Each structure stands twice: as C-alpha cells, then as structure tokens.
Protein chains: 2
Amino acid sequence: MVIRVLIADDHSVVREGLRMFLGRDPELEVVGEAADGVEAVESARQLHPDVVLMDLLMPVMDGIAAISIIRNELPETEVIALTSVLESAAVVGAVRAGAIGYLLKDTQAPELRRMIKAAAAGQVQLSPQASAYLMREVRTPEKTEALTEREMEVLRLLVQGQSNKEIARALQIAEDTVKTHVKHILAKLGVQSRTQAVLGAIRLGLVSPEQRMKLQ
Amino acid sequence: MVIRVLIADDHSVVREGLRMFLGRDPELEVVGEAADGVEAVESARQLHPDVVLMDLLMPVMDGIAAISIIRNELPETEVIALTSVLESAAVVGAVRAGAIGYLLKDTQAPELRRMIKAAAAGQVQLSPQASAYLMREVRTPEKTEALTEREMEVLRLLVQGQSNKEIARALQIAEDTVKTHVKHILAKLGVQSRTQAVLGAIRLGLVSPEQRMKLQ
DNA sequence: GACTCCCTACCCCTTTAGTGGTAGATCCGT
DNA sequence: ACGGATCTACCACTAAAGGGGTAGGGAGTC
C-alpha cells in the first residue's frame, strides 16, 4: 500500500529535496507538487493524496488557509505543516487549521519518512518543541482576545508606522476615535505602547508580511 | 574541468535539493555541505571550492559574515548568495561582503547551473530584481548613515519595544541621554517615530531576527 | 596642541501618545 | 423589545516622545 504524497512549497529547490528524500522509500510516492496555496488546494482536489506536505509561507494563499480548505473538503487527506522556523503562532495556527503534524525543514530524511507514515495512519506526530508551544497555548487560552474588524484596520496602519493623526485621516474618522481603537488594541494585546503592539502583531502573524513591508 | 561546489544551508532538505539539481550536470561536483556559517568557513578552508552556494539566514554565523571571511581568505573562491526572500538589505549586504551573485530558492535548475558556471568564471550574474535593488542603493548613497555602537545598542532595545525610561535603566544612563540617542537614530534613519525606526531596523536587517523575537 | 567623533547630560518647549470615563447610533441575535 | 457588541466621539488629564540647542570629558587623529 503506497502512500501518495503531495508537496506544496514555493521553492523548487525544497520541492526537489523533498522528492529526493521521499523517493528513496518504496512505500512513498510523490504524486504532485504545488508552488502556492491555491495550487495546493486544486492539486489536492484532483489527486486526493494521502498526505500533503504544506509549507506555511507561500504566495497567493498561505499554507494555513490551504490547510483549512483541504481538511474541510478532503477529511481523508492528512496535512503535515512544513516550515523553516518554529514559531508559536505558526504551530498553533497550523494545528487549528487541521494539520496532524508539524516539522521543520532541517528534519532528517528518516524522521521525515517516519512522520509521513504516521500521518497517513492518522497518528499525531509533533516535535517536542511544537508540543511545548501547543501546551502553552492551551494553558493560556486566547491570550490574544480577538480584535474587531476596525481594530484590525487600525492595527494594519500602526504596523506601517503611522501616527494617530495619519490613521484618522486614512480612515476618515476623528483622531479621538483612533485613540479609542488604539486603547482597545493595546489592552487586548496586553502591551503598553504602539511599538510593542506592532512587534506583537508581527510576531503573532496578525498582519501579513506584505502589509508590514510597505514602509517606503 | 569540473566546477567544485560547496553548499551551505541550514536546512537538510534544501541541501539535498541543490545536490539533486547540480548532480545532473557532469560539469558540476558538490564537494561538501555545511549547516551554518562557521561550518561553511571551515569547509571552504579545507576544500577550496570554486563556488560556494551560501544561504544568508543561518544559525551560529549568518551567511553575510561567512561570505566576508571566505572572500578575504580565499579570493579564488566565488560565493553566490542564496535566500528565499529578495530583500533589499540582504542583497546589498551580500554584495558588499563579496558575493558575486544572488539567487532565490525558487530558481529553476537550468538557471541555477548557468549561474554557478558564470560565477566560477568570475562573471557577475544578478537577477533583474536584485540588480534593481543595487541600482537604488547606488543612487541613494548610504541612505542609512552608519549608527554608532551605542546607538545600535539603543536601537536593539527599541526593537524590543522598550520605553526611553526602560532603556535608560538597562544601559545605566540618564533618560535624557537615551532621548539624545533616539533623536540621532531617528535622524539617521530618516523617520519620524520610534515605531518607524523599529520597522525600518527590521526591514533593513539592522537587527538580527533573534533580537527582535525576544518579546515575551 | 588642535581637531573630530562619541558619549554623556542638561535646558526649554511642542507634539504625540496613553488612561479613564461617558455616551449616542447602529446592527444583530434572542 | 432587549441586551450586547461595535463604531463613533468627546472630555480631562498625565505621561511619553520628539525637536532644538548647548556643553563637558575622553579617545583617537593629524
């Protein structure tokens, strides 16, 4: 019984590396590749793979969104999140979206193959570090209270380094109103200043990398 | 005449992918691998490769530092910077350090082989985007005036979201002095607020990723 | 010795940011 | 119809940040 694997990563070098790692094992077969989230979802729909190796950082549609869709439409298909950095928000997001496993790109080949087989069998396999992040998250439930839509808009402008006055102009509201929103954002994020809010937003992945790079 | 290549990347998957890409070409031979900057430098010393493929984001010693050392000690060895994101600071930093080329991890195999051969011949090969970044840098000479050592220290604390008072305590100096430093930092970075300074520092790569992640 | 750069520290002053509270308008679900 | 959440907006006040300038002491350079 061969396990059919779909690889989703925006770097061709990484895809080729994974292909090599997996190709050596006769129980595994790479049935397709995808270079972004949308491709990944479409390929999964067509191929019905047993396991998807999904990079979290991809253009067009990020990996977490793709995981959600795939897990919804194809409950038989298990997804392993794949990333180069072990970051709290990414682990939690991937697991929330339905990933059964989480691994780093510096994982060795045997470990990788073991995880794919476990995933195909529906068994959860997490690295000790990833488990630790999940534990912490469970112990501290929704540390980040959900921001409202408007607050997210304000946060996005904060992350571009704008002042309250500039934000007010951009959103066509009074500066006092902006201060109210900022006040609530700081409280919800549990920080003391807009700079900390910006750093927290970036760290928690509340804003996409594109948004925070607009500066200049 | 076979071109001897050293691969330096902290992700085993990426190394394997590069090996695959390059192995298909009889003119290229992968003579070694390194998982961090220090390993890269040591391997280069021993192996004297013709070309080093150097990831910029690595633990222990980052790629740019490793490039500097290698280019200094082994002028015959050309280095191609390798990274997943095309970012202004990284391009400029790599070229300053002595990289002869710069390429992204989503580069296709033929392109990759072509660049390695050009590099071995001492020819510069840059992607159009990377060239554009360099052009902009040249047109805007030292947009970022060099910060002094003390200013860098203050900047690092700024990037951790600390207030002037907290920074003063951390550095054992008066808050007024901190304000003076911050004043100079803002002027040199050409920004209007500490939040913008933090964003700029991150974008320009003036602080390492580890430093900005300390929050919490 | 004169000069420059850096770090330190203070001055005065303006602007921006942050805290606490209240409150009307709207929408949504029960 | 009612409560709850959200967005809006204001008030008063305090704290923090930023902009201008000056200036002494140390280290290094010419």
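Just the heavy atoms: all of them, side chains too, but no hydrogens, waters or symmetry mates, feed the values below. Lettering follows sequence order; numbering is per chain, from 1. Computed from a predicted structure; not experimentally measured.
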Would you mind classifying the nucleic acid contact of [X] as base, sugar-phosphate or nothing, using non-hydrogen atoms under 4.0 angstrom?
X	value
B/Glu151	nothing
A/Thr177	base
A/Asp176	base

Short side-chain N/O contact from [X] to OP1 or OP2 of [N], under 4.0 Å:
X	N	answer
A/His181	D/dC7	no
B/Arg194	D/dA17	yes
A/Lys165	C/dT16	yes
B/Thr180	C/dC10	no
A/Asn164	C/dT16	no

Fill in: Residue mapping more 5' on DNA chain C - nearest nucleotide basis, A/Gln192 or B/Ala174
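The residue mapped nearer the 5' terminus is B/Ala174.
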Item to complete: Would you mind telling me which residue lines up with the more 5' stretch of DNA chain C, A/Lys183 or A/Gln162, judged by nearest nucleotide?
Response: A/Gln162
Item to complete: Between D/dC10, C/dA17, D/dG18, spot the one nearest the side chain of A/Ser163, thanks.
Response: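 Among D/dC10, C/dA17, D/dG18, the one nearest the side chain of A/Ser163 is C/dA17.
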Discussion item. Let's test your reading of the model: under 3.5 Å, does the base of C/dG20 pair with the side chain of A/Lys179 as donor and acceptor?
Written reply: no
What integer distance in Å separates [X]:[atom1] from [N]:[atom2]?
X	N	atom1	atom2	answer
B/Ile173	C/dC10	CD1	P	11 Å
B/Glu175	D/dG18	CD	P	11 Å
A/Gln172	D/dC7	CD	P	17 Å
B/His184	D/dA17	NE2	P	17 Å
B/Leu186	C/dT15	CG	P	17 Å
A/Glu166	C/dT15	CD	P	16 Å
B/Leu189	D/dG18	CG	P	12 Å
A/Ile185	D/dC7	CD1	C1'	13 Å

Report yes if some heavy atom in the side chain of [X] is under 4.5 Å from a heavy atom in the side chain of [Y]; otherwise report no.
X	Y	result
B/Ile69	B/Leu74	no
A/Leu18	A/Arg15	no
B/Leu22	B/Ile116	yes

Discussion item. Between B/Arg45 and B/Glu42, does any side-chain N to carboxylate O distance fall below 4.0 Å?
Written reply: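 Not counted as a salt bridge, because no side-chain N and carboxylate O are separated by less than 4.0 Å.
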Worksheet entry | SB check A/Arg169 A/Glu175 (cutoff 4.0 Å) | no
